[in-house]
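What follows is a single structure, written as C-alpha cells, with notes after it.
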There are 2 protein chains.
Amino acid sequence: MKEGPNIAGIAALIGDPARANMLQALMTGVALTASELAQEAGVTPQTSSFHLGRLAEAGLIKLRRQGRHKYYSLADSDVAELLEAMSGIAMRAGMTRVRTGPKEPALRRSRICYNHLAGEYGVQAYDSLLTRGFLVEDGEQLHLTGDGRGFLSELGVVLPEKENKRRPLCKSCLDWSARRSHLAGIAGTALLSFFLDQGWAKRVDGSRIITFSREGDSRFHATFSLQD
Amino acid sequence: MKEGPNIAGIAALIGDPARANMLQALMTGVALTASELAQEAGVTPQTSSFHLGRLAEAGLIKLRRQGRHKYYSLADSDVAELLEAMSGIAMRAGMTRVRTGPKEPALRRSRICYNHLAGEYGVQAYDSLLTRGFLVEDGEQLHLTGDGRGFLSELGVVLPEKENKRRPLCKSCLDWSARRSHLAGIAGTALLSFFLDQGWAKRVDGSRIITFSREGDSRFHATFSLQD
DNA sequence: CGATTGTTTCGATCGTGATCGAACAATCAA
DNA sequence: TTGATTGTTCGATCACGATCGAAACAATCG
C-alpha cells in the first residue's frame, strides 16, 4: 500500500527516551560501554543491553570489543547529522529537557576514560612524555623507554617489572574533546591511580569528572611540562 | 538530569506508523484534508484527528481553514529535510516497507521533495546549472548568477525580481537516494512548476513520483546537459 | 430551515513494547 | 583454579498510547 523507506521504524527507535538518551550521550563522540550508557539513560543494564541490541541491529550504532568491555559509538556522521537535525526541530518546538548543567567544561578538562586519564590533562601528559623521549610511538604500538621507566619510578608511580602479554603496558587512546591521543594501558591506569593517591586530583561523585586541586594542578604542570 | 533538546519527543511523534504515513503523504507538497490523510494512513477519521492535533501542536505541520475543510501541510522545509534524512537512514538500514514494489526505482529517478524536484533528475539539473556557471556555491549559501537568471528566464521559468529575506531564492537540499545535492528554494519550486506546466512531466496519483514523458525527457536532457 | 458532510470529543478497549528480577555467560585479576 | 566485574538472555509484569464506536459539534448546501 505504501512505498518508500520505513521512517516510522527508525523514528520509533529514536523515540524511546532511554534510547534517545543513549544516542545523545554518544553524540559527544566518545565511545561508551553498556554500563555507562545504562547509567546515562537512567535504566538498568539489562534494559540497556536490550536497547543497544536494537540500535546496533538498525545500524545506528557500532560496537568495538575491547577486553571485557564493549564500546559503543555512533555508526557514522550521517546518524550524527540526523540527530542534530532532530535537535534543531525539537528546540524550535520548545521541547527542551529540564535543566542544563555546567558539567561539560569540566568533562573536557579532565575525566576518567575507563581506567585512565582523558581530557586536556591526559593529552598534556601524553605529549610531555613523548617530547621528552620517555615514550615512543612505533606504528600502532607504544613503548615506554628505559628513561621513561626511570622517570615514572622516581616519581613514585608503581609499574609491574615485566610486560604482560595479555594487557599492554602502554597504549594510546583517542580523545574526543581534544581529538588527540592520551595514555592508556597499565601505565595509564597506574598514572591515574598515582594522581588520586597523592591527592593531586579527586573524582567527582559518580560522574567521570576528575578535578585537580590547586596544589595538584601546579605539580602536574611542573611534572609534565611541554618544554624540552 | 539530562540536558539538551528532547529529541525523543518528536522522534516518538514521527515513530507512530499512522503519523509517519501522514507525514510522508504530505511530502508530496500538496495540502490534504483530515479525511484524506486518514485514508492515506489507513485509520479512521477520529484517529486521524487525534494524530493531526499532536503533529500540529509540535509544529511539524500547519493547517489552513478553507470552508468546512482543513487543509494540512508540512510546517516548512526544515521538517521536509528531516524526513528526507530519516528516509536515507532507513533505506541503508534495509528498513523498507513491506512491498518494496516497482515504485522504488521510480522514486529514485524523480520525485517531489516538499515543493521541488529530487532524485536523479533533480541532481542532474543541479549539476548542469553548476557546471555551466549559472549557479555558484558559496559556503552554505547558493546563488543564481546573472547568466543563470537569464537562462531560466529565457527558458520560461518565472522568478521574483528581487530576493526575499525570508525564503532564499536558491537552496541546496541533500538527496537520500543519490547522496547529492539538488535545487530547492524559490527557484527549485519554480523549476518544478515549469516542468509540470509545460507537460514535460506529471505527478503520479497521490504519490511523490514524477514521471517524465518521452518528449519531456529528451527536452530535459537537452536543456540540462552536463557537458560544457 | 433541515440535510449532509466533515471534524472533534469522550470513553473504553486492547496490544505492543519497555522494564526489571534472576539466572547465565564471558572476561579478567590474583 | 577462585572470585569479581561486565554483559546478556529469559520470563513476567505493567503502563502507555493507539484505536475505534458513539455521539456531539461545525459548516456548508439545497
Side-chain angles (χ1 to χ4, degrees), chain A residues 6 8-23 31-58 61-73 112-116 158-169 171 184-186 188-190 193 206 208, chain B residues 8-23 31-58 61 63-72:
Chain A
N6 174 15
I10 28 157
L13 223 47
I14 306 175
D16 178 74
R19 285 192 289 259
N21 283 339
M22 290 175 171
L23 290 172
L32 296 173
T33 67
S35 312
E36 288 170 327
L37 286 168
Q39 187 180 3
E40 198 73 31
V43 295
T44 59
Q46 309 95 294
T47 308
S48 166
S49 179
F50 165 69
H51 288 312
L52 289 171
R54 303 283 311 259
L55 290 174
E57 184 187 14
I61 60 175
K62 61 184 176 184
L63 70 91
R64 199 184 70 218
R65 284 193 162 80
Q66 188 165 314
R68 58 180 156 187
H69 293 277
K70 285 190 178 180
Y71 284 93
Y72 289 91
S73 53
I112 287 187
C113 177
Y114 178 30
N115 54 14
H116 55 271
V158 283
L159 292 177
E161 292 177 5
K162 53 180 185 176
E163 301 246 0
N164 187 339
K165 295 152 203 156
R166 313 271 294 279
R167 187 180 171 201
L169 184 61
K171 192 157 167 271
I186 292 182
T189 305
S193 304
R208 305 172 58 200
Chain B
I10 28 158
L13 223 47
I14 307 176
D16 177 74
R19 285 192 289 258
N21 283 339
M22 292 174 171
L23 291 172
L32 297 172
T33 67
S35 311
E36 287 170 329
L37 285 168
Q39 188 179 2
E40 197 73 31
V43 295
T44 59
Q46 308 95 296
T47 308
S48 167
S49 177
F50 165 69
H51 288 313
L52 290 170
R54 304 283 311 261
L55 290 173
E57 184 186 14
I61 60 175
L63 69 91
R64 203 182 66 219
R65 283 191 164 82
Q66 187 166 313
R68 57 180 157 184
H69 294 275
K70 283 191 177 181
Y71 284 94
Y72 290 91

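Within every chain, numbering begins at 1; the chains are lettered A, B, ... in the order of the sequence lines, protein sequences first and strands thereafter. Below, each value reflects all heavy atoms present in this structure, side chains not excepted, and no hydrogens, waters or symmetry copies.
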*Within less than 4.0 Å of OP1 or OP2 of C:dT8, is there a side-chain N or O belonging to B:Ser49?*
yes
*Rounded to the nearest Å, what distance is computed from the CE atom of residue B:Met22 to the C1' atom of nucleotide C:dT7?*
13 Å
*Can you tell me how far CG of B:Leu23 sits from CG of B:Leu13, rounded to the nearest 0.5 angstrom?*
8.0 Å
*Tell me: CD of A:Glu36 to P of D:dT5, nearest whole Å?*
16 Å
*Between B:Arg19 and D:dA18, does any side-chain N or O lie under 4.0 Å from OP1 or OP2?*
yes
*Counting heavy atoms from C-beta on, name the nucleotide in C:dA18, D:dT19, C:dG6 closest to the side chain of B:Ser35.*
C:dG6
_Phosphate contact (C:dT19 OP1 or OP2) by A:His51 side-chain N/O below 4.0 Å_ = yes
*Side-chain (B:Ser49) to main-chain (B:Pro45) donor-acceptor, under 3.5 angstrom*: no
*Rounded to the nearest Å, what distance is computed from the CG atom of residue B:Leu55 to the C1' atom of nucleotide D:dA18?*
13 Å
_Between D:dC20 (C1') and B:Phe50 (CZ): distance, integer Å_ = 12 Å
*asked:* Strictly below 4.0 Å: does A:Lys70 bring a side-chain N or O up to OP1 or OP2 of D:dT8?
replied: yes
*asked:* Side chain of A:Asp16, heavy atoms from C-beta onward: which of C:dT19, C:dT8, D:dT19 has the nearest atom to it?
replied: C:dT19
*Distance, rounded to the nearest Å, where B:Gln39 contributes CD and C:dG6 contributes C1'*: 14 Å
*asked:* Quick check for you: among D:dT19, D:dT8, C:dT8, whose closest atom lies nearest to any side-chain atom of B:Val43?
replied: D:dT19
_In whole Å, I'd like the distance from the CD atom of A:Glu57 to the P atom of D:dT8._
14 Å
*Given atom CG of A:Leu13 and atom C1' of C:dA18, what is their separation to the nearest angstrom?*
13 Å
*Taking only the side-chain heavy atoms of A:Gln46 (C-beta and beyond), determine which of C:dA22, C:dT8, D:dT19 contains the nearest atom.*
C:dA22
*Side chain of B:Arg19, backbone of B:His51: donor and acceptor closer than 3.5 Å?*
no
_Gap between atoms CZ and P, on B:Arg54 and C:dT9 respectively (whole Å)_ = 13 Å
*Quick one: pull up CD in B:Glu57 and CG in B:Leu55 and give me the separation to the nearest 0.5 Å.*
10.0 Å
*Please work out if B:Thr33 contacts a base, only the sugar-phosphate, or nothing of the nucleic acid, heavy-atom cut-off 4.0 Å.*
sugar-phosphate
*Counting just side-chain N and O atoms, does A:Thr47 come under 4.0 Å of either OP1 or OP2 of C:dA18?*
no
*Any sub-3.5 Å donor-acceptor pair from A:Ser48's side-chain atoms to A:Leu37's backbone N or O?*
no
